[in-house]
*Asks:* 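Pasting a structure here, questions to come.
Numbers here are sequence positions counted from 1. Counting convention: from 1, in listed order, for ligands and their atoms alike.
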Amino acid sequence: MEIKKVGVLGCGLMGSGIAQIAAQAGYETVVREVDDEVLKKGLKRIEDFLTKGVQKGKLTEAQMTEILDRLHGTTKLSDLASCDIIIEAVVENIEVKKQVFSELDGMCPEHTIFATNTSSLTVIEMAAATKRPDRFVGLHFFNPVPIMKLVEVVRTVSTSQETFDTAFAFAKSLGKEPIACKDRSGFVVNLLLVPYLLDAIRAVENGVASVEDIDKGMQLGCGYPMGPLTLLDFVGLDTTYYIANIMFEEYREAKYAPPPLLRKMVLAGLHGRKSGKGFYDYSTDPPKVTDLGL
Ligand code: CAA
Ligand code: NAD
């Protein structure tokens, strides 16, 4: 099946990156947000990344203009109806995802493939809310989308071979390295990464070391590009909390249980870099460790 037009649901951290790389790869791309204000913020994130790319000599100004010409922002769900593939990157909440997919199901032609960027939900839960479970697949990108090479392509019990092959080839066409995954909560990467991140929060709670030293330990001791607490701020503490709850619900294993400190930080609006504050306070450059009163 040939894909010409790409739809993206959500223009947050992930949706903006996915929309950007789709337009960059030459696809006509439509990205939908809930209101103009959030949409504007997401489109600005894309423009800023491309502008930096021009400054770094990664692309020309003319290429940037072409990419932005292929990218259309909207708040109307019906503007996605003519897309060949739609990738959903809205909040990690099953009810919101089911609702948006079931609405789209009634609007899109039969051939349209639905894909979800969920981090932790099983894909079949969303596929079952539509009349096209055979044309439903997981396409799990990594943050920051324009830089991270991996995409997990997830096949459910109902995904057809043709849909899987099309999605796999589509991920490659975006310049990514796809891997095939089973429809198990967390797929490959989050199954391993989430317990590690949650353990880092438990280490803070238990006073094992300071936030900075835990980060330094994993950067310098294991060669990770970011320490776990910096990475948590980068992913979003709200999103991590939703993921932990979903994975704990699924597996009932203590390693996925959200630590109380995570819940408290989310309740306090400390969502990480996107809210300006998480384990670090981003109002200064370089960021300072947040006083959590521990
Ligand atoms: N345009 C084009 N290229 C750009 C760019 C731009 N605006 N900004 C950066 N780049 C390029 C750089 O030029 C560089 O490429 P080269 O190596 O070819 O020079 C590359 O991108 C890396 O950029 P930087 O050197 O500026 O950035 P860095 O070294 O500080 O690394 C990082 C930044 C890639 C984010 C790195 O810190 C990292 O890998 N962090 C870990 C990220 C991670 O683990 N993500 C996964 C999160 S979990 C997830 O996503 C799943 C989930 O479900 C929660
Ligand atoms: P985010 O909070 O940055 O963005 C979500 C966006 O979806 C918000 O801007 C919100 O306004 C929008 N939205 C909500 N309902 C919508 C709807 N019906 N239509 C269109 N837009 C809607 O979250 P994010 O970090 O981009 O995460 C999005 C999805 O990607 C989640 O499922 C998350 O688990 C997954 N994911 C996140 C990361 C990460 O590192 N943050 C990595 C991989 C996958």
Side-chain angles (χ1 to χ4, degrees), residues 7-21 24 30-43 45-59 63-64 67 73-77 79-80 86-104 115-121 123 126 138-152 185-194 196-197 218-219 223-228 230-244 246-247 271-275:
V8 180
L9 274 165
C11 197
L13 278 181
M14 296 304 289
S16 60
I18 297 167
Q20 179 190 318
I21 60 163
Q24 239 167 317
V30 189
V31 58
R32 190 256 179 162
E33 253 300 344
V34 285
D35 62 45
D36 285 321
E37 200 184 321
V38 198
L39 178 64
K40 212 169 137 193
K41 206 171 148 196
L43 293 175
R45 191 178 297 120
I46 298 174
E47 273 194 51
D48 287 350
F49 189 95
L50 293 173
T51 305
K52 276 198 200 123
V54 172
Q55 285 158 6
K56 281 172 180 279
K58 298 270 176 186
L59 76 166
Q63 282 168 324
M64 172 169 162
I67 294 164
T74 184
T75 54
K76 280 197 277 171
L77 197 60
D79 285 345
L80 269 65
I86 296 175
I87 306 156
E88 167 276 316
V90 307
V91 62
E92 188 74 342
N93 176 297
I94 187 62
E95 294 312 324
V96 177
K97 289 184 192 282
K98 274 180 13 187
Q99 169 69 30
V100 78
F101 275 125
S102 90
E103 268 183 62
L104 270 175
T116 174
N117 182 51
T118 183
S119 300
S120 54
L121 292 160
V123 178
M126 289 160 265
L139 274 179
H140 185 220
F141 293 82
F142 291 81
N143 184 17
V145 179
I147 296 176
M148 304 309 276
K149 291 299 276 183
L150 187 70
V151 177
E152 293 177 319
S185 174
F187 317 126
V188 173
V189 174
N190 282 340
L191 194 74
L192 303 175
L193 179 67
V194 171
Y196 157 70
L197 293 177
M218 294 312 292
Q219 272 192 287
Y224 289 2
M226 282 176 171
T230 302
L231 182 55
L232 278 156
D233 277 357
F234 194 64
V235 165
L237 297 183
D238 50 343
T239 301
T240 307
Y241 181 61
Y242 306 142
I243 294 172
I246 291 164
M247 293 185 78
H271 293 177
R273 217 183 267 208
K274 66 179 164 188
S275 70

*Asks:* With heavy atoms only and a cut-off of under 4.0 Å, state how N190 meets ligand 1: side chain, backbone, both or neither.
*Replies:* side chain
*Asks:* Taking atom 29 (O) of ligand 1 as the reference point, report whether a protein heavy atom occurs under 4.0 Å from it.
*Replies:* no
*Asks:* Could you tell me whether atom 37 (O) of ligand 1 has at least one protein heavy atom nearer than 4.0 Å?
*Replies:* yes
*Asks:* Side chains of N117 and L139, heavy atoms from C-beta outward: is any pair under 4.5 Å?
*Replies:* no
*Asks:* Can you find a protein heavy atom under 4.0 Å from atom 32 (C) of ligand 1?
*Replies:* no
*Asks:* Evaluate the side chain to side chain contact (heavy atoms under 4.5 Å, CB included) criterion for residues K274 and D238: first the C-alpha distance (whole Å), next the side-chain angles of each, then the deciding distance (0.1 Å), finally the verdict.
*Replies:* CA-CA 10 Å; K274 66 179 164 188; D238 50 343; 3.0 Å; yes
*Asks:* Give a yes or no answer on whether the side chain of D233 reaches the backbone of R273 with a donor-acceptor pair at less than 3.5 Å.
*Replies:* no
*Asks:* How close does the nearest protein non-hydrogen atom get to atom 39 (O) of ligand 1, and which residue and atom is it?
*Replies:* P225 CG, 3.5 Å
*Asks:* What residue and heavy atom of the protein are closest to atom 44 (O) of ligand 1, and at what distance?
*Replies:* L231 CD1, 3.6 Å
*Asks:* Would R32 and T74 count as having a side-chain donor-acceptor pair, cut-off 3.5 Å?
*Replies:* no
*Asks:* Is there any N or O on K52 that sits under 3.5 Å from an N or O of ligand 1?
*Replies:* no
*Asks:* Hey, is the main chain of S120 close enough, under 3.5 Å, to the side chain of S185 for a donor-acceptor pair?
*Replies:* yes
*Asks:* Look at the side chain of R45 and the backbone N and O of G12, then say whether any donor-acceptor pair between them is shorter than 3.5 Å.
*Replies:* yes
*Asks:* In the protein, what heavy atom is nearest to atom 45 (N) of ligand 1, and what distance, to one decimal place, separates them?
*Replies:* N143 O, 2.7 Å
*Asks:* Among protein heavy atoms, which lies nearest atom 34 (C) of ligand 1, and at what distance?
*Replies:* I147 CG2, 3.8 Å
*Asks:* Treating E92 as the side-chain partner and S119 as the backbone partner, does any N or O pair qualify as donor plus acceptor under 3.5 Å?
*Replies:* yes
*Asks:* Short list, please: which atoms of ligand 1 are under 4.0 Å from a heavy atom of P144?
*Replies:* 35 (C)
*Asks:* Among all the protein's non-hydrogen atoms, which is closest to atom 54 (C) of ligand 1, and how far away is it?
*Replies:* V235 CG1, 3.8 Å
*Asks:* Holding to ring pair (Phe, Tyr, Trp, His ring centres under 6.0 Å), I want the full list of residues that pass it with Y241, two or more places apart in sequence or in another chain.
*Replies:* none
*Asks:* Of the protein's non-hydrogen atoms, which lies at the shortest distance from atom 48 (S) of ligand 1, and what is that distance?
*Replies:* L193 CD2, 3.5 Å
*Asks:* We want to know whether E88 and T116 form a side-chain donor-acceptor pair, criterion being a heavy-atom distance below 3.5 angstrom.
*Replies:* yes
*Asks:* So, E103 and Q99: side-chain donor and acceptor under 3.5 Å apart, yes or no?
*Replies:* yes
*Asks:* Which of the atoms in ligand 1, numbered in the order shown and given with their element, are less than 4.0 Å from a heavy-atom of K58?
*Replies:* 2 (C), 3 (N), 13 (O), 15 (O), 16 (P), 18 (O), 19 (O)
*Asks:* Look up atom 17 (O) of ligand 1 and tell me if a protein heavy atom lies less than 4.0 Å from it?
*Replies:* no
*Asks:* Taking salt bridge (Lys or Arg N to Asp or Glu O under 4.0 Å) as the test, write out the residues that go with E152, two or more places apart.
*Replies:* none
*Asks:* Identify the protein heavy atom lying closest to atom 7 (N) of ligand 1, giving its residue, its atom name and the separation to 0.1 Å.
*Replies:* F49 O, 2.8 Å
*Asks:* Considering heavy atoms of the protein only, find what lies nearest to atom 26 (O) of ligand 1 and give residue, atom and distance to 0.1 Å.
*Replies:* K56 NZ, 3.7 Å
*Asks:* Might you work through the side chain to side chain contact (heavy atoms under 4.5 Å, CB included) test for H140 and N190, ending with a clear yes or no?
*Replies:* CA-CA 10 Å; H140 185 220; N190 282 340; 3.5 Å; yes
*Asks:* Between Q219 (side chain) and P225 (backbone), is there a donor-acceptor pair under 3.5 Å?
*Replies:* yes
*Asks:* For ligand 2, list all ligand N or O to protein N or O distances below 3.5 Å, rounded to 0.1 Å.
*Replies:*
{"from": "ligand 2", "atom 1": "2 (O)", "to": "K274", "atom 2": "NZ", "distance (Å)": "3.3"}
{"from": "ligand 2", "atom 1": "3 (O)", "to": "L13", "atom 2": "N", "distance (Å)": "3.0"}
{"from": "ligand 2", "atom 1": "9 (O)", "to": "E33", "atom 2": "OE2", "distance (Å)": "2.5"}
{"from": "ligand 2", "atom 1": "11 (O)", "to": "E33", "atom 2": "OE1", "distance (Å)": "2.8"}
{"from": "ligand 2", "atom 1": "11 (O)", "to": "E33", "atom 2": "OE2", "distance (Å)": "3.4"}
{"from": "ligand 2", "atom 1": "18 (N)", "to": "R32", "atom 2": "NH1", "distance (Å)": "3.3"}
{"from": "ligand 2", "atom 1": "19 (N)", "to": "R32", "atom 2": "NH1", "distance (Å)": "2.9"}
{"from": "ligand 2", "atom 1": "26 (O)", "to": "L13", "atom 2": "N", "distance (Å)": "3.3"}
{"from": "ligand 2", "atom 1": "26 (O)", "to": "M14", "atom 2": "N", "distance (Å)": "2.8"}
{"from": "ligand 2", "atom 1": "30 (O)", "to": "N117", "atom 2": "ND2", "distance (Å)": "3.0"}
{"from": "ligand 2", "atom 1": "32 (O)", "to": "V90", "atom 2": "O", "distance (Å)": "3.2"}
{"from": "ligand 2", "atom 1": "32 (O)", "to": "E92", "atom 2": "OE1", "distance (Å)": "2.5"}
{"from": "ligand 2", "atom 1": "32 (O)", "to": "K97", "atom 2": "NZ", "distance (Å)": "2.7"}
{"from": "ligand 2", "atom 1": "34 (O)", "to": "E92", "atom 2": "OE1", "distance (Å)": "3.0"}
{"from": "ligand 2", "atom 1": "34 (O)", "to": "S119", "atom 2": "OG", "distance (Å)": "2.7"}
{"from": "ligand 2", "atom 1": "36 (N)", "to": "S119", "atom 2": "OG", "distance (Å)": "3.1"}
{"from": "ligand 2", "atom 1": "40 (O)", "to": "N143", "atom 2": "ND2", "distance (Å)": "3.2"}
{"from": "ligand 2", "atom 1": "41 (N)", "to": "V235", "atom 2": "O", "distance (Å)": "2.9"}

*Asks:* Please enumerate all residues that pass salt bridge (Lys or Arg N to Asp or Glu O under 4.0 Å) together with E33, with sequence neighbours excluded.
*Replies:* none
*Asks:* Touching ligand 1 at all, M14? Heavy atoms, strictly under 4.0 Å?
*Replies:* no
